[in-house]
Amino acid sequence: MSNPSVVVPPKPGRPLFLYLIVLENSFGCILGKHDVTGKKEQAIYYLNKKFTSYEAKYTLLERTCCALTWVAQKLRHYLLAYTTYLISRLDTLKYIFQKPMPTGRLAKWQILLTEFDIVYVTRTTMKAQALADHLAENPVDDEYQPLNYFLDEEVNSVEVISEDTNAWKMFFDGAMNTKGVGIGAILISPTGQYYPATTRL
């Protein structure tokens, strides 16, 4: 990567790439793009964080899903406007979106990632990979707070106001990216099961 410490703005119409490295207790990522020649990598943004003690107990695949969702929310303004190629050890997108009926945190991650145009590509050896590794191994010291999955629950929810314990809840949201406009909803049963649904308008 040429001048890796110097960040550059994204270029309209040109896709981004996201290196994501997930370790046992932390993760790091680099959002970048290729220069005009397509040969040199340029950094747009750097992020790294520690997992909470609870999240550190997740499997590697779950930690990767959690990290990708956190990164997507932090870099939302970039990822909504561009196709982003994810370079990681695991294909988290396949795991989340091909699971027949995800529940719990998987359903939350699925809902939050549907608004982005993220494409998984096979991990290759690139210069930025070493820098992403370094970021993951040296996370910042501030406390990492868990992601607040539904920021405006009082606005984006419909609840039956009733004493009935069999009441269902519904959360919904809209999204827009380079491929169009879509909507997402998640139904939560009285027993706590999650039923996500998304569609493109």
Side-chain angles (χ1 to χ4, degrees), residues 1-11 14-35 38-97 104-106 108-149 151 177:
M1 181 175 280
S2 59
N3 298 323
S5 60
V6 178
V7 295
V8 298
K11 184 79 173 174
R14 192 177 300 167
L16 307 178
F17 58 83
L18 178 67
Y19 288 96
L20 179 64
I21 303 298
V22 178
L23 303 177
E24 193 171 322
N25 295 305
S26 61
F27 64 89
C29 78
I30 297 175
L31 182 69
K33 66 170 186 145
H34 288 98
D35 66 2
K39 295 179 180 178
K40 291 185 179 179
E41 300 165 349
Q42 298 176 311
I44 295 172
Y45 212 98
Y46 302 95
L47 280 174
N48 66 349
K49 280 288 184 181
K50 292 180 181 177
F51 287 114
T52 63
S53 57
Y54 178 76
E55 291 163 341
K57 296 176 183 175
Y58 290 172
T59 65
L60 174 59
L61 196 50
E62 289 175 325
R63 289 198 310 274
T64 305
C65 291
C66 178
L68 176 59
T69 305
W70 188 88
V71 168
Q73 295 302 305
K74 285 289 182 183
L75 301 178
R76 190 171 190 271
H77 52 291
Y78 290 114
L79 272 56
L80 280 177
Y82 297 88
T83 296
T84 304
Y85 292 98
L86 172 65
I87 303 164
S88 178
R89 291 189 179 109
L90 298 171
D91 185 354
T92 55
L93 302 175
K94 180 178 178 181
Y95 179 71
I96 291 178
F97 292 108
R105 54 182 172 257
L106 284 179
K108 293 177 182 179
W109 293 329
Q110 184 188 67
I111 288 291
L112 290 169
L113 290 172
T114 52
E115 65 180 326
F116 304 108
D117 184 18
I118 302 174
V119 180
Y120 175 79
V121 294
T122 305
R123 184 179 176 185
T124 56
T125 304
M126 296 177 134
K127 295 176 184 176
Q129 193 68 55
L131 188 52
D133 286 337
H134 175 74
L135 287 171
E137 291 166 3
N138 299 281
V140 292
D141 289 331
D142 63 325
E143 267 312 297
Y144 166 40
Q145 298 298 320
L147 180 64
N148 185 1
Y149 292 109
L151 297 179
N177 64 24

Quick one: pull up [atom1] in [X] and [atom2] in [Y] and give me the separation to the nearest 0.5 Å.
X	Y	atom1	atom2	result
L47	F27	CG	CZ	7.5 Å
L31	Y82	CG	OH	10.0 Å
L80	F116	CG	CZ	5.0 Å
L60	C65	CG	SG	9.5 Å
L75	L18	CG	CG	7.0 Å
L106	I111	CG	CD1	12.0 Å

Shortest non-hydrogen contact from [X] to [Y]?
X	Y	value
K74	H77	O-CE1, 3.8 Å
V22	R89	O-NH1, 3.7 Å
V8	Q42	CG2-CB, 3.6 Å
A56	F51	N-CB, 4.0 Å
L20	C29	CD1-CB, 3.9 Å
A43	I30	CB-CG2, 4.3 Å

For the side chain of Y120 and the backbone of S88, is there at least one donor-acceptor N/O pair under 3.5 Å apart?
-> yes
Between L86 and T84, is any pair of side-chain heavy atoms under 4.5 Å apart?
-> no
Report the relative orientation of the aromatic rings in F17 and H34; use parallel for angles under 30°, tilted for 30 to 60°, perpendicular for over 60°.
-> tilted
Applying salt bridge (Lys or Arg N to Asp or Glu O under 4.0 Å), which residue pairs with at least one partner in residues 58-70 are found, sequence neighbours left out?
-> E62-R105
Which residues share a side chain to side chain contact (heavy atoms under 4.5 Å, CB included) with K11, sequence neighbours left out | R14, K33
Mind checking side chain to side chain contact (heavy atoms under 4.5 Å, CB included) for S53 and listing every partner two or more places apart, or none if nothing turns up?
-> none
